[in-house]
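Down below is the structure, laid out as structure tokens.
In the text below, chain A, chain B and the rest are named by the order of the sequence lines, each starting its count at 1.
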Protein chains: 2
Amino acid sequence: MTNEESEPKRPAATRAATMKDVAARVGVSIKTVSRVVNGHDDVHPDTRARIEAAMKELNFRPNVMASMIRRRGGRTASIGLVVEDLANPFMAQLARAVADSALCRQHLVLIGSSDGDPERERELVAVFLTRRVDGLIIVPSGDDQSYLKAETDRGLPIVFVDRLGQRIEADAVVSDNASGTAQAVRHLLAHGHRRIGYLGDLRGFYTAQARLQGYEEALRAATGGVDPRLVRMDVHTVAQAEQEARALLGSDDPPTALLCGNNLITVGALHALQALDLRQKVALIGFDDQDLAHLLTPALTVVAQDVPAIGRTAAERLFLRLNAQPDEQAPYERLTIPVTLIPRGSGEIPAGAPAEHGDRADR
Amino acid sequence: MTNEESEPKRPAATRAATMKDVAARVGVSIKTVSRVVNGHDDVHPDTRARIEAAMKELNFRPNVMASMIRRRGGRTASIGLVVEDLANPFMAQLARAVADSALCRQHLVLIGSSDGDPERERELVAVFLTRRVDGLIIVPSGDDQSYLKAETDRGLPIVFVDRLGQRIEADAVVSDNASGTAQAVRHLLAHGHRRIGYLGDLRGFYTAQARLQGYEEALRAATGGVDPRLVRMDVHTVAQAEQEARALLGSDDPPTALLCGNNLITVGALHALQALDLRQKVALIGFDDQDLAHLLTPALTVVAQDVPAIGRTAAERLFLRLNAQPDEQAPYERLTIPVTLIPRGSGEIPAGAPAEHGDRADR
DNA sequence: TTGTATGCGTTATCAA
DNA sequence: TTGATAACGCATACAA
């Protein structure tokens with residue numbers, strides 16, 4: 001890191017103007033200024049004009065913190081969002097959707113990344129609650145969100161996203177994971193595949209369970225059974241995914257197609273296919289879309305989640321509860337967002353395709 | 001979207017406990033509770049224990065809003081971050097780094113997306129200022145940030161990121177863009193290329209200017225001149241990038257290598273190369289790393305920015321100013337973060353490479 | 001149409 | 001070591 005020269009500065013560090021300052025300058029009471037700030041119409045146009053002028057001159061901005069304390073309900077017009085990792089594209093899209101929905105309703109979003117650590121999740125929630133957020137949207141980690149019971153009991157709205165909150169009753173917004181893998185399975189079956197390998201994340205994860213379930217049900221419905229040797233769960237890193245994919249493909253009766261339970265697994269499986277020179281021969285469908293997916297050869301067929309819809313729906317649900325009276329709250333619900341299969345090539349390779357001529361050009 | 005059944009609820013919607021409640025329960029004055037909350041050591045251990053017990057029972061959480069009003073300095077322990085689009089991976093990584101740095105210092109981050117619209121940027125800043133953020137980190141849009149002068153004058157720290165703020169004096173943290181394209185040019189020259197095409201974003205963008213400059217300077221230093229026919233600026237969409245790349249490659253004396261000024265341009269250029277069956281023949285280097293870059297064939301050589309370092313540095317700079325006295329502020333600086341060339345294959349294709357046998361399998 | 005008094009939850013001052 | 005009280009910036013009820 002290099003530094004470049006520049007000029008000094010001398011900030012005044014003066015206190016920000018308050019309503020009292022504005023009132024004093026105009027020569028009216030603070031209450032009249034308050035009326036103007038809050039848009040009441042029972043102010044003389046002249047007075048209003050002079051007050052507005054003074055506000056501009058003094059660069060006055062109402063102090064939301066102070067007003068929140070006094071205002072009935074004590075709302076802060078802010079909500080907390082706990083994601084797993086904001087740098088992850090899925091989570092980032094989610095955060096964007098939530099932030100936009102909130103901003104439309106004049107609310108701000110406090111965002112924190114738990115990194116999948118339940119303790120960090122709790123710390124973040126604690127920080128947000130200290131800031132008096134009006135509600136929480138949480139991508140839950142671990143298997144126990146009962147620590148939030150005290151908050152839901154006192155009426156704080158909480159919406160879980162992507163996964164279900166456990167040991168607690170609350171709303172949740174999730175993708176139709178099972179339908180996604182089921183669609184993928186049927187798609188592969190339609191292209192002649194009968195042996196479809198499945199690579200899934202840790203069994204403890206809600207999404208991993210749901211996606212596996214969709215795979216198994218679709219397969220059972222169509223072919224009557226699932227070959228357990230084709231299923232590898234608890235795959236949690238790119239390296240593990242590559243290893244398990246290699247194992248599957250190197251077995252006696254290898255799969256002609258692979259279904260990958262998430263992005264990282266897809267990358268690992270692609271590494272394996274590439275190393276074994278099977279990219280053109282073995283079909284592959286990934287869960288979650290990726291930026292360059294359409295530029296791979298063959299282009300990557302994926303089950304895509306509607307991430308903006310997930311975020312928007314979660315925020316809408318939260319605001320629904322926020323705006324409802326305590327005695328007329330709707331029952332908790334699980335809201336399910338549809339997913340879409342996007343065929344791009346890798347999922348349309350037919351079963352038993354000959355290795356065209358196995359071209360690689362990696363460097 | 002489908003709904004699933006669940007059970008009703010009946011939240012009490014009770015007011016959150018205050019220090020007064022805690023004091024009443026223990027039978028001490030509110031001030032003593034305050035001392036415990038703020039970790040002062042002049043409290044009798046017994047009293048402290050009883051107070052801490054009561055706080056737990058009542059689920060007491062200090063109200064930061066209220067404390068902020070009274071506390072001298074009036075700090076809110078929050079900062080505002082304006083990015084272009086939080087859903088964009090670069091911006092998401094940036095936000096994550098800033099949020100982490102802030103959290104380490106007990107500060108929270110308010111995040112908003114301007115979508116490159118200067119007016120939206122100003123609106124977001126206004127919202128943040130109403131929330132009394134202690135400082136701002138901004139990815140500036142447009143060519144005029146003078147509207148922030150009133151804030152810097154009163155001592156509010158502002159750090160610009162990724163681009164320079166214009167018509168205003170403030171700190172800025174940017175990548176060493178010129179060095180990045182210069183490195184890329186030298187890399188291509190070393191692989192025998194003499195005709196290197198450049199595709200850049202809108203000339204109005206700081207990053208586009210800096211990157212073009214690096215390209216031109218490196219080329220002039222090595223070969224004595226820049227062929228203007230090889231440079232296409234103001235390319236702002238994938239479609240435009242594909243079109244310009246096609247035009248360059250279809251010209252009389254076409255480039256043997258392409259240097260792309262950003263991610264979208266890279267994607268467009270890859271489309272063009274793929275359509276013309278030149279992926280194995282024409283070298284390509286992109287600016288900014290992408291998730292699946294190493295899985296393309298050939299894998300994508302890129303100039304990668306150290307996004308976490310950018311975010312961290314910006315936050316550190318902001319807190320430096322936040323913690324310094326008004327009369328001992330350092331001069332404004334432009335902090336430059338190094339970039340790294342990551343060779344993966346596409347940038348190492350030699351000049352005049354024969355079309356191996358032009359294999360495509362796009363579908 | 002405008003102003004006064006009081007209170008929100010907390011911290012700061014000063015006294016006990 | 002503890003407490004009474006004023007003050008922060010604003011909103012609310014009520015009075016003028």
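- If you check residues 54-61 of chain A against DNA chain C, you find no residue with a heavy atom closer than 4.0 Å.
- In terms of modelled atom types and a separation under 3.5 Å, the side chain of B/Thr32 and the main chain of B/Val28 share no donor-acceptor contact.
- Note on the helix from C/dT1-D/dA16 to C/dA16-D/dT1: terminal axis deviation equals 30°, with five pairs used at each end and the result rounded to 10°.
- Sorted by first and then second residue, the side-chain hydrogen bond (donor to acceptor under 3.5 Å, both in side chains) pairs with a member in residues 47-57 of chain A read A/Arg25-A/Glu57; sequence neighbours excluded.
- Applying the ring pair (Phe, Tyr, Trp, His ring centres under 6.0 Å) test to every pair with at least one member in residues 119-142 of chain B, sequence neighbours left out, gives no pairs at all.
- Within the structure, ring pair (Phe, Tyr, Trp, His ring centres under 6.0 Å) pairs that include any residue of residues 309-329 of chain A comprise A/His107-A/Phe319 (at least two apart or interchain).
- Less than 4.0 Å separates DNA chain D from at least one heavy atom of each of the following residues of residues 34-50 of chain A: A/Ser34, A/Asn38.
- Checked for salt-bridge contact, B/Arg61 and A/Glu151 meet the test: a charged N lies under 4.0 Å from a carboxylate O.
- Of the residues in residues 24-33 of chain A, those lying under 4.0 Å from DNA chain D by heavy-atom distance are A/Ile30, A/Lys31.
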* Asked: Is there a side-chain contact (heavy atoms from CB on, under 4.5 Å) between B/Val159 and B/Ile138 once you walk through the steps?
  -> CA-CA 6 Å; B/Val159 177; B/Ile138 301 176; over 6 Å; no
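- In this structure, B/Ser34 contributes its side chain and B/Ile30 its backbone to no donor-acceptor pair below 3.5 Å.
- Along DNA chain D, the stretch of nucleotides lying under 4.0 Å from any heavy atom of chain A spans, 5' to 3', D/dC8 to D/dA13.
- Screening residues 25-52 of chain A for ring pair (Phe, Tyr, Trp, His ring centres under 6.0 Å) gives no qualifying pairs among residues at least two apart or on separate chains.
- Toward the 5' end of DNA chain D, the nearer of the two residues A/Met68 and A/Lys20, judged by each one's closest nucleotide, is A/Lys20.
- Ion pairing between a basic and an acidic side chain is recognised when a charged N comes within 4.0 Å of a carboxylate O; A/Arg317 and A/Glu333 show such pairing.
- Side-chain atoms of B/Thr76 come within 3.5 Å of backbone N or O of B/Arg132 as a donor-acceptor pair.
- A/Asp134 places no side-chain N or O within 3.5 Å of a backbone atom of A/Ile79 that could act as its donor or acceptor partner.
- Here the CD1-CD1 distance, from A/Ile137 to A/Ile111, works out to 10.0 Å after rounding to the nearest 0.5 Å.
- Contacts between residues 123-132 of chain B and DNA chain C, defined by a heavy-atom separation under 4.0 Å, are absent.
- Under the rule for a ring pair (Phe, Tyr, Trp, His ring centres under 6.0 Å), A/Phe90 has no partner lying at least two apart in sequence or in another chain.
- Residue-level contact check: B/Met19 touches the bases, meaning some heavy atom is under 4.0 Å from a base atom.
- Proximity of A/Ile310 to A/Asp162: side-chain heavy atoms (C-beta onward) are nowhere separated by under 4.5 Å.
- The local environment of CZ in A/Arg167 is sparse, with at most 12 non-hydrogen atoms from other residues, nucleotides or ligands closer than 6.0 Å.
- For the pair B/Arg163 and B/Glu84, the salt-bridge criterion is met [side-chain N within less than 4.0 Å of a carboxylate O].
- Atom CZ of B/Arg122 has 12 or fewer neighbouring heavy atoms from other residues, nucleotides or ligands inside a 6.0 Å radius.
- A salt bridge links A/Arg96 and B/Asp115; the closest N-O separation between the charged side-chain nitrogens and carboxylate oxygens is under 4.0 Å.
- Counting only heavy atoms from C-beta outward, the side chains of A/Gln145 and A/Thr152 never approach each other to under 4.5 Å.
- A donor and an acceptor atom, one from each side chain of B/Arg321 and B/Gln329, are located under 3.5 Å apart.
- First and last contacts of DNA chain C with chain A, using any nucleotide atom under 4.0 Å from a protein heavy atom and ordered 5' to 3', fall at C/dT1 to C/dC8.
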